[in-house]
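Here is the structure we will look at, set down as structure tokens.
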Amino acid sequence: MAETPFEDLITDVTILVDETDYTDKSQLKEILRDSHSSTGTTRSSYKISGSDQEIEELFMKLCTLGRPIKAVVAAPVMEYIKKRHSAELNKMKGSHVLTEELLSAETDSITMIFKPFSSRVRESRVRLVRERFVTFYQRIASNLHVTNVDIKQDQCRDLQIQFPELVIYPQPFGATVRGSYANIVSLQDFIQQKSSGLRDRQARRALEAPMHFTNNHVHSSSAASCEQLDEEETCVICMEVIRKEVKKTLNCKHSFCRGCLKKAFVYKPVCPTCGALYGTLKGTQPEGGEMSCSNQTSSLPGYEKFGTITVRYNIPSGIQKEDHPNPGQTYEGASRVAYLPDSPEGQKVKELLQRAFKLRLIFTVGQSSTSGRDNVVTWNDIHHKTSISGGPTCYGYPDPDYLKRVQEELKLKGVE
């Protein structure tokens with residue numbers, strides 16, 4: 001029995017177009033006027049219905065219009081990035097792109113609007129900065145944790161110097177800490193050392209006695225004892241001296257207690273010190289989705305010698321599980337279409353994407369970086385070309401470096 005083409009299965013598609021998302025509203029209305037089924041739902045939004053092909057052609061026309069280049073991010077994560085990664089943020093923007101931030105107290109989110117410094121700056125450069133920012137933001141947010149620790153307020157300053165990768169917020173009782181999993185564990189174990197043994201007494205002196213820091217080194221009356229201990233290798237997870245019989249050294253040359261490393265790898269198979277990946281990540285993509293690929297004879301811009309691979313995803317709506325932001329709440333599903341050249345490298349990328357889909361790495365549940373809506377299925381830091389043409393600014397072709405970039409993104413997740 002012949003398989004029914006995807007286009008014949010989905011005969012009617014409806015999308016909402018928000019007028020406020022476009023700068024040239026008169027041209028937008030002209031394009032929408034040509035749509036056979038366009039009705040206004042509110043003063044600024046339109047509902048357009050049509051076949052899958054008609055909606056795809058409409059989307060390509062909309063890509064030619066000027067739209068505010070923006071991304072919606074969580075305010076707490078953005079605050080952490082500003083405090084700990086301001087240099088990377090400024091380098092990313094450079095001197096040609098400006099950003100404006102609009103804070104929403106209701107949703108505790110920030111809308112980042114990217115603007116050219118002058119009219120001489122091309123829109124493609126601004127969109128590229130936005131894409132780099134979203135990738136950077138997602139990588140930071142995916143490894144960010146928050147916890148509370150029981151310490152005195154006058155200890156926060158010294159611990160902040162001791163653990164510069166963390167952000168420590170003093171509270172009336174204890175402190176709130178935001179940072180990576182490995183760094184938070186190191187801080188917790190450092191505090192716990194106050195209650196047992198020689199290392200506990202040294203940690204207690206480090207917490208309770210005045211300390212002076214020069215070039216990230218601690219100087220105190222116990223300096224001689226510390227130098228003696230520094231000659232022995234310490235596990236950054238439990239902060240204990242690594243015993244030879246339980247020592248495990250990774251290929252990146254960092255060593256840990258075997259038991260500590262095993263527990264850390266259950267959470268995420270990366271080196272707690274440098275982040276090198278060991279094994280394959282298991283994603284949080286909702287279960288029950290489908291991925292299909294088909295081939296067309298038409299070519300993509302920049303790949304005129306080859307046909308086109310059309311990749312279709314369908315993730316149904318459902319209930320969030322424990323590995324999602326709001327377990328028990330519903331999430332809205334998504335259907336996406338992407339394109340690859342049917343070249344040898346394009347076929348390789350297709351196979352890598354299929355493996356990533358099986359590992360639940362393509363999508364996740366969270367906040368949309370474009371609309372700001374929560375509890376929706378979103379892309380998970382593996383970029384796709386969702387347009388046939390228009391270049392990088394419209395997520396389309398030509399883009400000669402795309403296949404190389406997406407393979408690097410997949411490699412970061414252990415798919416290669």
query: Do T147 and Q188 have side chains that get closer than 4.5 Å, going by heavy atoms?
result: yes
query: Which pair of non-hydrogen atoms, one from M112 and one from M78, has the smallest distance, and what is that distance?
result: CE-CE, 4.0 Å
message: Using 0.5 Å steps for rounding, measure from the CZ atom of F163 to the CG atom of L187.
response: 5.0 Å
- prompt: With the threshold set at 4.0 Å, does a side-chain nitrogen-carboxylate oxygen contact exist between K152 and D158?
  reply: no
task: Report yes if some heavy atom in the side chain of I110 is under 4.5 Å from a heavy atom in the side chain of L102; otherwise report no.
output: no
query: Does the side-chain hydrogen bond (donor to acceptor under 3.5 Å, both in side chains) test come out yes or no for S186 and N183, once each step is laid out?
result: CA-CA 5 Å; S186 296; N183 289 326; 5.1 Å; no
- request: Provide the closest heavy-atom pair for C271 versus F256 in the form atom of the first, atom of the second, distance.
  value: SG-CZ, 3.8 Å
message: Looking at G391, is its backbone amide N or carbonyl O close enough to the side chain of D399 to form a donor-acceptor pair, meaning the two atoms are under 3.5 Å apart?
response: no
task: Would you indicate whether the side-chain heavy atoms of T234 and E240 approach each other to under 4.5 Å?
output: no
field: Polar side-chain atom of Q407 near backbone of L403 as donor-acceptor pair, under 3.5 Å
entry: yes
- prompt: Does R336 reach the main-chain N or O of T378 with its side chain, forming a donor-acceptor pair under 3.5 Å?
  reply: no
task: Provide the closest heavy-atom pair for F117 versus V121 in the form atom of the first, atom of the second, distance.
output: N-CG2, 4.1 Å
task: Would you check if I81 and F136 make a side-chain contact, meaning some heavy-atom pair closer than 4.5 Å?
output: yes
query: At their closest point, which heavy atom of P341 faces which heavy atom of I309, and how far apart are they?
result: O-CD1, 3.8 Å
- request: Begin from the C-alpha positions of E290 and R312 and carry the test salt bridge (charged side-chain N to carboxylate O under 4.0 Å, His left out) through to its verdict.
  value: CA-CA 8 Å; E290 295 180 352; R312 300 181 186 273; over 6 Å; no
message: I need the minimum non-hydrogen distance between I237 and C260, along with the two atoms involved.
response: CD1-O, 3.7 Å
message: Check this for me: does any side-chain nitrogen of one of K404 and E345 sit under 4.0 Å from a carboxylate oxygen of the other?
response: no
- prompt: Hey, is OH on Y169 packed in by over 12 heavy atoms from elsewhere, all under 6.0 Å?
  reply: yes
query: Is a donor on one side and an acceptor on the other found under 3.5 Å between the side chain of H324 and the backbone of T284?
result: yes
field: Spacing of CD1 belonging to I184 relative to OG belonging to S180, to within rounding of 0.5 Å
entry: 7.0 Å
- prompt: Would you call R405-E409 a salt bridge at under 4.0 Å N-O?
  reply: no
message: Walk me through whether N148 and T176 qualify under side-chain hydrogen bond (donor to acceptor under 3.5 Å, both in side chains).
response: CA-CA 4 Å; N148 295 317; T176 299; 3.0 Å; yes
- request: Determine yes or no for a side-chain-to-main-chain donor-acceptor pair under 3.5 angstrom, with K385 supplying the side chain and G396 the backbone.
  value: yes
task: Would you check if the side chain of Y137 reaches a backbone N or O of V77 as a donor-acceptor pair within less than 3.5 Å?
output: no
query: Less than 4.5 Å apart, any side-chain heavy atom of H85 and any of I140?
result: yes
query: Would you say the side-chain atoms of R127 pair up with the backbone N or O of Y395, donor to acceptor, closer than 3.5 Å?
result: no
- request: Please tell me if the side chains of T249 and K247 come closer than 4.5 Å, counting only heavy atoms from C-beta onward.
  value: yes
- request: Only one of D374, V377, V376, N326 passes side-chain contact (heavy atoms from CB on, under 4.5 Å) with Y331; say which it is.
  value: V377
query: When you look at E332 and N375, which way does the side-chain hydrogen bond (donor to acceptor under 3.5 Å, both in side chains) test go after all the steps?
result: CA-CA 6 Å; E332 182 180 335; N375 302 322; over 6 Å; no
- line: Sequence neighbours excluded, the answer for ring pair (Phe, Tyr, Trp, His ring centres under 6.0 Å) partners of F357 is Y313
Nearest heavy atoms of L361 and N380, plus distance in Å: O-ND2, 3.1 Å
message: Whether the side chain of Q285 engages the backbone of I362 through a donor-acceptor N/O pair (distance < 3.5 Å, no angle test) should be reported.
response: yes
- prompt: Would you find a donor on one side and an acceptor on the other, under 3.5 Å apart, between the side chain of Y80 and the backbone of A75?
  reply: no
message: Check this for me: E304, atom CD, are more than 12 non-hydrogen atoms of other residues, nucleotides or ligands nearer than 6.0 Å?
response: yes
field: From CA spacing to verdict: salt bridge (charged side-chain N to carboxylate O under 4.0 Å, His left out), K70, E100
entry: CA-CA 9 Å; K70 60 184 181 180; E100 177 183 347; over 6 Å; no
field: Identified side-chain contact (heavy atoms from CB on, under 4.5 Å) partner of L159 from the options L166, V177, I168
entry: I168
task: Taking the side chain as every heavy atom from C-beta outward, state whether C293 and T310 have any pair of such atoms under 4.5 Å apart.
output: no
message: To the closest 0.5 Å, what do you measure between CG (L410) and CD1 (I382)?
response: 4.5 Å
- request: Taking the six-membered ring of F133 (Phe, Tyr or Trp), confirm whether the NZ or CZ of K93 is under 6.0 Å from its centre and within 45° of its axis.
  value: no
message: Tell me whether the rings of W379 and H384 are parallel (<30°), tilted (30 to 60°) or perpendicular (>60°).
response: parallel
field: Any residue meeting salt bridge (charged side-chain N to carboxylate O under 4.0 Å, His left out) with K358, in chain and number order, not counting sequence neighbours
entry: none
query: Would D323 and R360 count as a salt bridge (charged side-chain N to carboxylate O under 4.0 Å, His left out) if you check the C-alpha gap in whole Å, the side-chain angles of each, and the deciding distance to 0.1 Å?
result: CA-CA 12 Å; D323 52 0; R360 301 170 59 200; 3.3 Å; yes
- prompt: Is a side-chain donor or acceptor of T308 paired with a backbone partner of S298 at a separation under 3.5 angstrom?
  reply: yes
- request: Determine, step by step, whether Q296 and S294 satisfy the side-chain hydrogen bond (donor to acceptor under 3.5 Å, both in side chains) criterion, reporting the C-alpha distance in whole Å, the side-chain angles of both residues, the deciding distance to 0.1 Å, and the verdict.
  value: CA-CA 7 Å; Q296 283 77 42; S294 58; 3.2 Å; yes
E101 vs K82, salt bridge (charged side-chain N to carboxylate O under 4.0 Å, His left out): CA-CA, chis, key distance, verdict: CA-CA 12 Å; E101 298 182 12; K82 287 180 181 178; 2.7 Å; yes
message: Does atom NZ (K248) have a neighbourhood of more than 12 heavy atoms from anything else shown, all under 6.0 Å?
response: no
- prompt: Within a strict 4.5 Å, meaning less than it, do heavy atoms of the P116 and R125 side chains meet?
  reply: no
